[in-house]
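Quick notes on the structure that follows.
In the text below, chain A, chain B and the rest are named by the order of the sequence lines, each starting its count at 1. What you see is a predicted model, and the numbers here were worked out from it, not measured in a lab.
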There are 2 protein chains.
Amino acid sequence: MNDTNLTDRQYSILKFICDVIDEMSRPPTVREIGHEFSIDSTKGVADHLDALERKGWIEREPGQARGIRPVRERTKKLLGPDDGLPIVGSVVAGGPSLARENLEGILKLDDLFPNRDDLFALRVRGDSMSGAGIYKGDIVIVRGQPQADMGDIVVAIVDDELGTVKKLSKIGEKIHLEPANPDYDTIVKKPGEVEIRGKVIGVIRKM
Amino acid sequence: MNDTNLTDRQYSILKFICDVIDEMSRPPTVREIGHEFSIDSTKGVADHLDALERKGWIEREPGQARGIRPVRERTKKLLGPDDGLPIVGSVVAGGPSLARENLEGILKLDDLFPNRDDLFALRVRGDSMSGAGIYKGDIVIVRGQPQADMGDIVVAIVDDELGTVKKLSKIGEKIHLEPANPDYDTIVKKPGEVEIRGKVIGVIRKM
DNA sequence: TATTGTACTAAACATTTGTTTAGTAGTCAA
DNA sequence: TTGACTACTAAACAAATGTTTAGTACAATA
């Protein structure tokens, strides 16, 4: 039988295990679970763990203390927005709230921008890119790299100033750093006068 | 003595503990740490744990299996971008990479948009708000609420359709849902024909 | 009706694990 | 040169913990 349906009791215990890990950075012991649910025999708990393991919600390492490991790919969707936001596929009329059924996924920064060592975030200082949907105060996600292609929006350093966010283009021998706002001028420099520090791959704005 | 400086050995062990928790959802045992670092006596490990605890980097629960808990407020800053991105205050000339010294903080979605139950995320379907820096494919962060103020960007349902993102205004008795793109028309409806589902409080774009 | 799955008790067992005692050796600052 | 800190070994102890055996009771299913 390949049943994955959990009983209420099994669901509660799975949720408790995940909650304990979140709060305590470690799974509960069999007896701690038993105490929480007033199960006086460790075998009672072990039966639930057997069921959760058989149904594919946890993994266990035999003989290891606190050897319960929730299968994260499943539990993070089941248990909802614990450290992410629910992404709803559509907002439809009628329903008073966000039904779990419309859930398209959980929004986590790490899923969107996998956290490699070369990524960093930078708060935007001016309005020069407002025409490209990057406003003052926005946070841009940048992949650190010393080169970039034509058309990329880059973080660059000119004249030893702080980093500026502009669109990169090369015309002849010159490097152009173009704003996306007519109030600002394009910066034209020779190669060597411009130090490219990274490419903008994302934007986060809090309004 | 209120020293917080860690030796190389202590740092390595602290990092190992945090890494194991990340990967295994549980802390290592004293003997597992010893095995990793070729320390044959549990007392050798215990000495390091004593030092880490005394210096305030971990907490322990005496007698508990795997009773080591890193002090998260400190370790997440020390160990860097494990589930967040470093926010650099400024990008300056010279430095080849992101120096930890310029670190302004760690970008975590939960810090930006504290995860209350009334928040959700929605992927934007059309271009109608491109003039307000919200493009097709962007993810908007929405606070679910049945009303909104003039000028708010809202998620609304009109004619039982899927949710649409527009700027709200009220002119006389009519409700206006204004796009930020001249290619689209303003939707004008009577109250009761429009169901407001939430207010847009953030935007995330991956390019 | 027999079987399977759920949900437990009670008791004992074996292992894992944290802790302690006793000691060695090196470094560094007062 | 004494003391404090680091960094360990070796051995033993006690507590925490997972596992097993032998049952009971109930509901759903074939």
Side-chain angles (χ1 to χ4, degrees), chain A residues 1-18 20-21 23-71 78, chain B residues 1-18 20-21 23-71 78:
Chain A
M1 202 177 293
N2 208 2
D3 194 4
T4 54
N5 284 53
L6 295 179
T7 64
D8 286 352
R9 196 70 163 162
Q10 287 162 5
Y11 177 91
S12 300
I13 288 171
L14 176 60
K15 175 140 181 58
F16 175 70
I17 292 166
C18 294
V20 169
I21 292 173
E23 284 172 43
M24 307 288 286
S25 297
R26 77 184 190 221
T29 64
V30 171
R31 282 169 183 82
E32 283 167 2
I33 297 169
H35 183 256
E36 174 74 15
F37 292 95
S38 301
I39 301 171
D40 288 332
S41 170
T42 54
K43 185 53 163 49
V45 176
D47 283 349
H48 288 300
L49 297 179
D50 288 341
L52 286 171
E53 188 172 29
R54 176 168 47 80
K55 293 176 177 179
W57 293 94
I58 62 171
E59 290 169 348
R60 281 195 290 174
E61 289 189 54
Q64 294 295 103
R66 305 177 190 274
I68 308 169
R69 190 162 56 252
V71 176
L78 173 80
Chain B
M1 204 178 290
N2 208 3
D3 195 2
T4 56
N5 285 53
L6 296 180
T7 65
D8 286 351
R9 197 70 163 162
Q10 287 163 3
Y11 177 90
S12 300
I13 288 170
L14 177 60
K15 175 138 181 59
F16 174 70
I17 293 166
C18 293
V20 168
I21 292 174
E23 284 171 43
M24 308 290 285
S25 296
R26 76 181 190 222
T29 63
V30 171
R31 283 169 183 81
E32 283 167 2
I33 297 170
H35 183 257
E36 174 74 15
F37 292 95
S38 301
I39 301 171
D40 287 332
S41 170
T42 54
K43 184 53 163 51
V45 177
D47 283 349
H48 288 301
L49 297 180
D50 287 341
L52 286 170
E53 188 172 28
R54 178 168 45 81
K55 294 176 178 179
W57 293 94
I58 61 171
E59 290 168 351
R60 281 194 291 175
E61 290 189 54
Q64 295 294 104
R66 305 178 189 276
I68 308 169
R69 191 164 54 255
V71 176
L78 172 79

Could you tell me whether the side chain of [X] has a donor or acceptor atom within less than 3.5 Å of a complementary atom in the base of [N]?
{"X": "A:Thr42", "N": "D:dT17", "result": "no"}
{"X": "B:Arg60", "N": "C:dG18", "result": "no"}
{"X": "A:Thr29", "N": "D:dA16", "result": "no"}

Report summary line: From the candidates C:dA12, D:dA12, C:dA10, the one with an atom nearest any side-chain atom of B:Arg31 is D:dA12
Query - Selection from D:dA7, C:dT6, C:dT19 that lies nearest to any side-chain heavy atom of B:Val30 - result: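 For the B:Val30 side chain, the nearest candidate turns out to be C:dT19.
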Does [N] have OP1 or OP2 under 4.0 Å away from a side-chain N or O of [X]?
{"X": "B:His48", "N": "D:dA7", "result": "yes"}
{"X": "A:Lys43", "N": "D:dT17", "result": "no"}
{"X": "B:Arg9", "N": "D:dC8", "result": "yes"}
{"X": "B:Gln64", "N": "D:dT17", "result": "yes"}
{"X": "B:Arg66", "N": "C:dT17", "result": "yes"}
{"X": "A:Arg54", "N": "C:dG5", "result": "no"}

What pair of heavy atoms forms the shortest contact from [X] to [Y], and how long is it?
{"X": "B:Ile39", "Y": "B:Gly44", "result": "CG2-CA, 3.9 Å"}
{"X": "A:Glu32", "Y": "A:Pro28", "result": "OE1-CA, 3.1 Å"}
{"X": "A:Gln10", "Y": "A:Leu52", "result": "O-CD2, 3.9 Å"}
{"X": "B:Ile68", "Y": "B:Ile33", "result": "CD1-CD1, 3.9 Å"}

Distance in angstrom units between [X] [atom1] and [N] [atom2], rounded:
{"X": "B:Glu61", "N": "C:dT19", "atom1": "CD", "atom2": "C1'", "answer": "16 Å"}
{"X": "B:Asp47", "N": "C:dG18", "atom1": "CG", "atom2": "C1'", "answer": "14 Å"}
{"X": "B:Leu49", "N": "C:dT17", "atom1": "CG", "atom2": "C1'", "answer": "13 Å"}
{"X": "A:Ile17", "N": "D:dG18", "atom1": "CD1", "atom2": "P", "answer": "11 Å"}
{"X": "B:Phe37", "N": "D:dA7", "atom1": "CZ", "atom2": "P", "answer": "12 Å"}
{"X": "B:Ile33", "N": "C:dT16", "atom1": "CD1", "atom2": "C1'", "answer": "15 Å"}
{"X": "B:Glu32", "N": "C:dT15", "atom1": "CD", "atom2": "C1'", "answer": "14 Å"}
{"X": "B:Asp50", "N": "C:dT21", "atom1": "CG", "atom2": "P", "answer": "13 Å"}

Query - B:Gly63 or A:Gln10, whichever maps to the more 5' nucleotide of DNA chain C - result: A:Gln10
Report task. Check whether any side-chain N or O of A:Arg66 sits under 3.5 Å from a backbone N or O of B:Ala65 as a donor-acceptor pair, and report yes or no. Result ->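 Confirmed, A:Arg66 side chain pairs with B:Ala65 backbone.
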Query raised in the report: Do the non-hydrogen side-chain atoms of B:Ile17 and B:Leu49 ever get within less than 4.5 Å of each other?
Result: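 With C-beta onward as the side chain, the pair touches.
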Query raised in the report: Is A:Asp40 touching bases, backbone alone, or none of the nucleic acid, heavy atoms closer than 4.0 Å?
Result: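 Sugar-phosphate, backbone atoms only, no base.
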Report summary line: DNA chain D nearest-nucleotide lookup for B:Ile13 and B:Ala65: closer to the 5′ end is B:Ile13
